[in-house]
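Here is the structure we will look at.
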Number of protein chains: 2
Amino acid sequence: MNEKKNKNNKVSLSEVARAAGVSKMTASRVLRGEGGYSEKTRATVMEKVDALGYLPNRLATVFAGDKASTFVGVSIPDLGNEVFAQVLEGIDRKLGSFGHQTVLGLTQHTLAQEEAWIQTVLSWQPAGLILTGRYHSNRSMEMLLNAGIHVVEIWDLNSSPLDMSVGLNHFDSGFDMGRFLVGRGYRHIGYVGTWHDAANAASTRLDGFCKAVEQSGGTVARQLCLHDTATYYPGYYGTEQLLASTPDLECIYYQNDAMAFGGLQFCQSRGMRIPDDIGIAGWGDLPITAILPRRMTSVHVPHLKLGQAAAEMMLARLSNEPVPAVRDIGFRLIPGSTVSAADP
Amino acid sequence: MNEKKNKNNKVSLSEVARAAGVSKMTASRVLRGEGGYSEKTRATVMEKVDALGYLPNRLATVFAGDKASTFVGVSIPDLGNEVFAQVLEGIDRKLGSFGHQTVLGLTQHTLAQEEAWIQTVLSWQPAGLILTGRYHSNRSMEMLLNAGIHVVEIWDLNSSPLDMSVGLNHFDSGFDMGRFLVGRGYRHIGYVGTWHDAANAASTRLDGFCKAVEQSGGTVARQLCLHDTATYYPGYYGTEQLLASTPDLECIYYQNDAMAFGGLQFCQSRGMRIPDDIGIAGWGDLPITAILPRRMTSVHVPHLKLGQAAAEMMLARLSNEPVPAVRDIGFRLIPGSTVSAADP
DNA sequence: AAGAGCTAAGTTACCCGTAACGCAATTGAA
DNA sequence: TTCAATTGCGTTACGGGTAACTTAGCTCTT
């Protein structure tokens, strides 16, 4: 765009040093505020930095020091799901305020994409990785161990993490909901979710849910797993399918709140009253819930806090502070009013 | 974690080469598939690559070639707003499928944070930057020009972009909505949005909206700009405030759909009927709209496509293909049913 | 007055790949 | 057979910083 500096058209430290009449090393010391220079030298160097518009090349720093960068790789399944967007926001805000950068990787819920992304991102010498989920391909784990890199696994609580883990017990959150629904009088219950090629948090919730329902004397009469995204409309038509094949359900548990809202709308569109004709329960406690007249029966998770906690653990590890390997961020069952009221 | 390789505990190309009994250069050629080696050599090198778990150091590659990395910096105001999450998803999916990485920066709608992030991310020698919005601090623009880097400005259509731009005409989208609402018989209209320290897309929409309403014989009786986030609950209580001071409004236009939903809920909670007692219009066409019985009057924007288009423009520029400097992604007014029906 | 101790620099080597060039051995054509 | 072209691989230099070491000049002490 303007005058050539070098091949790359960028001002290097050498040029600043030459302009200031000092050596590279002195200029480097000034820029790092390391000391060992006079005030006069400092002023001259800084003046030239401004004049030439010098921007340091952090690649070279990392390269020279043979140390890790300030990058933190963050893998997220997708951002269409509001909850993951919030987790990512929590992570990036915290990392950013400590001078670190988020390198994003969307895996679309597949281990293969995660693996490809891990391979790429590792080649940039990141300071650490934050991965969603506790399941990774064998090659992924091999690469992570081989790189000897710090890893925080989020979302699922993982009692034997690769390195560190922060999340919640999805099994328990499903279990609690199962017991809660049976406690509210439901016995014949259905499930609507989406299909996945590998175990994940949603399937863990369903496991816990089924166990609790069966223990308490209810039955999960039908589980519908759609080949679709876990969003509003699949919740809508999934409910239609479920009720077409199993019309006598008393209550439906959904993979998440978005699907539950879809189901709620389907039921209402067919003239069913909630919760008199059918109960609805979701997971995740979407923000929109806060302003709706009828609160969704759901499980609240502190998503932003989860992201921040993950970033904090990574930052602590990077500065060699002691970090507990596992942190439980917890959850809270929201009784809501899309299921029948408790008996007085 | 395991045996020391060098200071960094990482396997370098030299070690692979030594193990394979060839020079670094030959190993490098094999890994890049550049040719100039025998099949036997290739096999030996690749075997050692696998055996040692070698991962290339892309930092060194960039550094050696004195060229740009495969990083693309992407600045986004926040991810609490679903529409930006979708834009980011579109960007990252497209970039990822072409071997590029997204380095995220959340600016929280402030130019100062954007500036700080630009400075940091530039020091990592990114291939390019994708920035949300057309407004940047002077120092930001100076740094961008100085770095001679490719930039795509998204969101606002910008007829004289720094480099490239893709988005929509927010003024027009506000203008169209203004004319539409007056066409539906509304004259006394209010606005609820949030306050910003600098001009942005939302304020541009409001400008267009006001102009259209006034041109068509209506008035924007009151504009309420909250010091809060543009989310559901501020829409709720903002509507309460607005109606407390100006109870005779016939219709309210909101900064976005989230706030509009908040307003809708507030009105309904006070027993007002929509659209008989008051009209509601938003912007952005949130996904949840698709399953609600009453479609929000709004403006649809192809968010995912916008993100993909931004990534495509960047990728085209990086491979020296011709790229139009400006691309209009368009929008579509959704009449919805939260405003009175058209006269027959 | 001479050495100890400090300050404010400069010098050298190195990080890990790749561009550019060099060169020996083999192949092919005249 | 002889020379040119090609193949296969090695050598050298380099990029932008920084660690580690060196050095010149000054101050202070005894």
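Every chain is numbered from 1, with letters handed out A, B, ... down the list of sequences.
Atoms CG and CD1, from B:Leu157 and B:Ile329 in turn, are 10.0 Å apart once rounded to the nearest 0.5 Å. Considering CZ of B:Phe84 and CD1 of B:Ile76, their distance stands at 7.0 Å, rounded to 0.5 Å.
The phosphate of C:dA8 (OP1 or OP2) has no side-chain N or O of A:Thr26 nearer than 4.0 angstrom. Put simply, B:Ser28 has a side-chain N or O that comes within less than 4.0 Å of OP1 or OP2 on C:dT18.
DNA chain C is contacted by both B:Ala60 and A:Gly36; A:Gly36 maps to the nucleotide lying nearer its 5′ end (nearest heavy atom per residue). The nearest heavy atom of DNA chain D to B:Phe63 and to B:Thr41 marks one nucleotide each, and the one closer to the 5' end goes with B:Thr41.
Looking at A:Glu115 and A:Arg139, a side-chain N of the basic residue comes within less than 4.0 Å of a carboxylate O on the acidic one, giving a salt bridge.
D:dG16 atom P lies 17 Å from atom CZ of A:Arg32, rounded to whole Å. Rounding to whole angstrom units, CG of residue B:Leu13 and P of C:dT18 are separated by 7 Å. In this structure, B:Leu59 places its CG atom 15 Å from C1' of D:dT18, rounding to the nearest Å. To the nearest angstrom, C1' of D:dG15 lies 13 Å from NZ of A:Lys10. Here C:dT18 presents its P atom at 13 Å from OH of B:Tyr37, a figure rounded to the nearest Å. In this structure, the CD atom of B:Glu34 is 11 Å from the C1' atom of C:dA20, given to the nearest Å. Atom C1' of nucleotide D:dG15 and atom CZ of A:Arg58 are separated by 18 Å, given to the nearest angstrom. Atom CE of B:Met25 is separated from atom C1' of C:dT18 by 5 Å (rounded to the nearest Å).
For a distance-only test at 3.5 Å, the side chain of A:Arg29 qualifies as a donor-acceptor partner of the base of C:dG10.
Among B:Lys48, B:Lys24, B:Glu47, the single residue meeting the side chain to side chain contact (heavy atoms under 4.5 Å, CB included) criterion with B:Val16 is B:Lys48.
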